[in-house]
Amino acid sequence: LSVELNVLPMQLPLVPTELQEDPAVPSSSSGQGTGRWLSGCTARAWAKDLEALATARHPNLRALLGVTLTPSEDAEGSAALTLVYEAAAAPGRRLFEWVHASLPDGGRHPLDSRAMGHVSIGICEALGALSARGLTFGALCSVNVEVFQTSARDPLVRLTGIGGYWWRWGWRRALRVREAGQPRRRVLNAEQVVERYSLCPVNWLAPEVLRGGTPCAAADVYSLGLVLWEMLYRAIPFGDYSIAQIVGAVGYGRRRVQAVASPGASTLSSFLHEVASRCAQREAAQRPPLEVVLESLRGACRTHDQKRARRAPFGKLGKQTEAFFSDLVGGSALRPSKEAVAAGAADTVEEGPRMIRLEAGEWVQVDADLVSQFPGDEEKWRALMAFRSRLSSG
């Protein structure tokens, strides 16, 4: 059995009797020790979570096998804590590398809307498995997502680094590898990227967590939105900010990422922009539940695949001929084209509210911002209004 080790930058007392609350030990406002030692209450709560993680087995989670305690060379009577994970059977790539790394020819790895959708589904399934055990990831970022190419069409996605729980032992030790002040642009290798971002990924943390709150399910949803935004725009969230600027502007200010699809974007791409924007809301109560996000992503990707399957037989035909026969199969050959509808949208904008029928048979009024952003595009209206309807009903 191959294993991977994750040594954490904190220490525990070696003697179990020392794992007790000591009023003389200084603590932060969140109850975390500010020194190099971990309080007994925090250690016990952490141990309970690690016990639950050690029994969790899911295709989208890197298995935590256990922890090791070894005498520390830094302080007498202390022990260094190491998390032990099962090593991957096949080599994978960090999503961070997949999104940002350059190929030898100067290009980047292909990353289309379908791939982004299925990566997001894999992340949601992993978060759901943790939530079912009453656990929070709290460190979701592209560095902690592994992507494996398998014989199946869709890649396998796994979360790694679970159980680190940086908030249990404080910001100072978690951020020791991050520079203070203004960030300096420089090229980082894979090991440096993991060291910089994986343990406490400040760039992806929810505003309430940056203000000192404990990560919860809504905070993981926020981080999911930023990972999706990162894939859509191929940029690190708040990558030009220092830690202090992120805490100030995002945690206490009103700064947030913006995800707006262009009118010419595909339906699936437009939907992913909508999901990223909804998940990245500043207020936790305004973010969609994880279950709604997962079901909506599955439905959008399923619809996308069905649409491609209908077009497959006409792949070698010209675009106009392909569109005609594809619409004929779908029963819409006699409908006006999207271009014709869009051209007449301006003339009919004052005729009243736009209505669309969802797949479930329900008629809903199209929100004004969608009418303005995607004039005449009923396919996008239907996909985005279906998602918004799930949010309102949830």
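Positions are given from 1 along the sequence. All heavy atoms count here, side chains included; hydrogens, waters and symmetry mates do not.
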Is a salt bridge present between [X] and [Y], judged by a nitrogen-to-oxygen distance below 4.0 Å?
{"X": "E274", "Y": "R388", "value": "yes"}
{"X": "R44", "Y": "D49", "value": "no"}
{"X": "E295", "Y": "R298", "value": "yes"}

Just checking, is any N or O donor in the side chain of R93 or H109 under 3.5 Å from an acceptor N or O on the other one?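 Yes - a donor-acceptor pair under 3.5 Å links their side chains.
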
Any donor-acceptor N or O pair under 3.5 Å, side chains R133, T55: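 Note: R133 and T55 side chains meet the donor-acceptor criterion.
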
Partner residues of W204 under the ring pair (Phe, Tyr, Trp, His ring centres under 6.0 Å) criterion, sequence neighbours left out: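 For W204, the residues satisfying ring pair (Phe, Tyr, Trp, His ring centres under 6.0 Å) (neighbours in sequence not counted) are Y197.
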
Partners of F238 by ring pair (Phe, Tyr, Trp, His ring centres under 6.0 Å), sequence neighbours excluded?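 For F238, the residues satisfying ring pair (Phe, Tyr, Trp, His ring centres under 6.0 Å) (neighbours in sequence not counted) are Y241.
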
What distance do [X] atom [atom1] and [Y] atom [atom2] have between them, rounded to the nearest 0.5 Å?
{"X": "S113", "Y": "L232", "atom1": "OG", "atom2": "CG", "value": "7.5 Å"}
{"X": "W98", "Y": "M231", "atom1": "CH2", "atom2": "CE", "value": "8.0 Å"}
{"X": "T160", "Y": "N60", "atom1": "OG1", "atom2": "CG", "value": "13.0 Å"}

Taking C-beta and beyond as the side chain, do [X] and [Y] meet within less than 4.5 Å on heavy atoms?
{"X": "T267", "Y": "R382", "result": "no"}
{"X": "L358", "Y": "V364", "result": "yes"}
{"X": "D367", "Y": "M385", "result": "yes"}
{"X": "R94", "Y": "V145", "result": "no"}
{"X": "V275", "Y": "S296", "result": "no"}
{"X": "L53", "Y": "L130", "result": "yes"}
{"X": "M355", "Y": "V366", "result": "no"}

Residue among E379, K380, E378 satisfying side-chain contact (heavy atoms from CB on, under 4.5 Å) with I356: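 Answer after filtering E379, K380, E378: E378.
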
Verdict with supporting geometry, E125 and H58, side-chain hydrogen bond (donor to acceptor under 3.5 Å, both in side chains): CA-CA 9 Å; E125 290 175 342; H58 191 274; 5.6 Å; no

Could I get the full list of salt bridge (Lys or Arg N to Asp or Glu O under 4.0 Å) partners for R62, not counting sequence neighbours?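 Scan of R62 (salt bridge (Lys or Arg N to Asp or Glu O under 4.0 Å), adjacent residues dropped) gives E4, E146.
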
Under 4.5 Å between side-chain heavy atoms, chaining through other members, with only Ile, Leu, Val, Met, Phe, Trp and Tyr counted: pull out the rest of the cluster around L103, sorted by chain and number.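 L103 clusters with nothing; isolated.
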
Apply side chain to side chain contact (heavy atoms under 4.5 Å, CB included) to residues V371 and W381 and explain how you reach the verdict. CA-CA 8 Å; V371 175; W381 293 352; 4.2 Å; yes

Solution key, residues 279-288 side-chain donor-acceptor pairs under 3.5 Å, sequence neighbours excluded:
unit_1, atom_1, unit_2, atom_2, d
Q281, NE2, S277, O, 3.3
R282, NH1, V250, O, 2.8
R282, NH1, G253, O, 2.7
R282, NH2, G251, O, 3.3
R282, NH2, G253, O, 3.3
R287, NE, Q281, O, 2.8
R287, NH1, E208, OE2, 2.8
R287, NH1, A218, O, 3.1
R287, NH2, E208, OE1, 2.9
R287, NH2, Q281, O, 3.3
R287, NH2, R282, O, 2.9

Scan residues 269-311 for pairs that pass ring-ring contact (aromatic ring centres under 6.0 Å, His included), counting only residues two or more places apart or in two chains.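 Matches after skipping sequence neighbours: Y233-H273, F271-F387.
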
